[in-house]
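Basis for what follows: all heavy atoms, side chains included, without hydrogens, waters or symmetry-related copies. One-based numbering, in listed order, for ligands and for the atoms of each. Just so you know, these numbers come straight off a predicted model, no measurement behind them.
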Amino acid sequence: MDKLHFTYEDIHRTAKDIAERVKASGFDPHMIVAIGSGGFIPARILRTFLSKPILAVGISYYDDEDRPTDLPRKVQWIEEAERKLAGKRILLVDEVDDSRTTLEYCIRELMRHEPSEIAVAVLHDKDKEKRGVIPDEVSRYFAGLRIEDRWVCYPWDADDIDAHDEAARKGV
Ligand code: G4P
Ligand code: MG
């Protein structure tokens with residue numbers, strides 16, 4: 001499958017654009033919840049523009065012996081989540097909306113803590129048939145860019161960042 005490369009600068013600009021749309025929408029989150037690990041860096045950049053605290057959650061599809069599992073499981077979750085999230089407006093952040101499975105799982109788990117509102121922001125939403133759904137309780141959905149169904153190479157995964165940026169420059 002063809003790949004798509006984005007540089008840190010691309011991602012910074014996309015995050016700024018998302019933040020501007022969040023603000024323009026009138027949504028004022030109490031906090032950002034980052035889905036690790038892909039959502040960590042986007043959440044941090046969003047914080048520059050939205051100035052909100054970040055909480056992190058981690059999901060894994062691997063068990064302790066590194067064997068793939070069918071269902072996701074929480075490997076890291078917000079301590080005292082109930083107290084922190086109840087009645088609060090949350091902006092849930094991840095890097096990519098691919099199958100939507102992880103997103104749906106995280107949204108449903110967060111909803112159990114009874115926030116007053118959940119909005120979702122992703123850098124990239126792949127134009128494809130999704131396996132998960134964004135539950136109706138999600139009030140707003142912000143996608144930085146809608147992209148083709150291609151494998152995205154993120155700069156934080158790059159072994160050679162210069163080669164990565166060169167590939168991004170060439171538009172591959
Ligand atoms: P979704 O709900 O956000 O659509 O996620 P999905 O379960 O479909 O994705 C499973 C994993 O695959 C996620 O990572 C997601 O970030 C990753 N993924 C999907 N498409 C791409 C892509 O085009 N490029 C890259 N680099 N990753 C992709 P994860 O298991 O949560 O791991 P992590 O990398 O976020 O730590
Ligand atoms: Mg991810």
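- Contact annotation for Glu95 and ligand 1: only side-chain heavy atoms (C-beta onward) come within less than 4.0 Å of the ligand.
- Atom numbering of ligand 1 starts at 1 in the shown order; those under 4.0 Å from a heavy atom of Val152 are 22 (C), 23 (O), 24 (N), 25 (C), 26 (N).
- On a distance-only criterion, Ser99 and ligand 1 share at least one N/O pair closer than 3.5 Å.
- Residue Thr102 has at least one nitrogen or oxygen atom sitting less than 3.5 Å from a nitrogen or oxygen atom of ligand 1, judged on distance alone.
- Residue-ligand proximity, Thr101 to ligand 1, at heavy-atom distances under 4.0 Å covers atoms 2 (O), 7 (O).
- Checked against a 6.0 Å centroid threshold, the rings of His124 and Tyr154 count as neighbours.
- Ligand 1 has at least one atom lying under 4.0 Å from a heavy atom of Val96.
- Within ligand 1, counting atoms from 1 as listed, the ones closer than 4.0 Å to a heavy atom of Trp151 are 18 (N), 20 (N), 21 (C), 22 (C), 23 (O), 24 (N), 25 (C), 26 (N), 27 (N), 28 (C).
- For Glu20, the CD atom sits in a packed shell: over 12 heavy atoms of surrounding residues, nucleotides or ligands are nearer than 6.0 Å.
- By the criterion of a heavy-atom distance under 4.0 Å, neither the backbone nor the side chain of Tyr105 is placed next to ligand 1.
- Contact annotation: Arg150 has at least one heavy atom less than 4.0 Å from an atom of ligand 1.
- Ligand 1 is never approached by His124 to a heavy-atom distance shorter than 4.0 Å.
- In terms of polar-atom proximity, Gly38 is counted as a contact of ligand 1, with an N or O under 3.5 Å from an N or O of the ligand.
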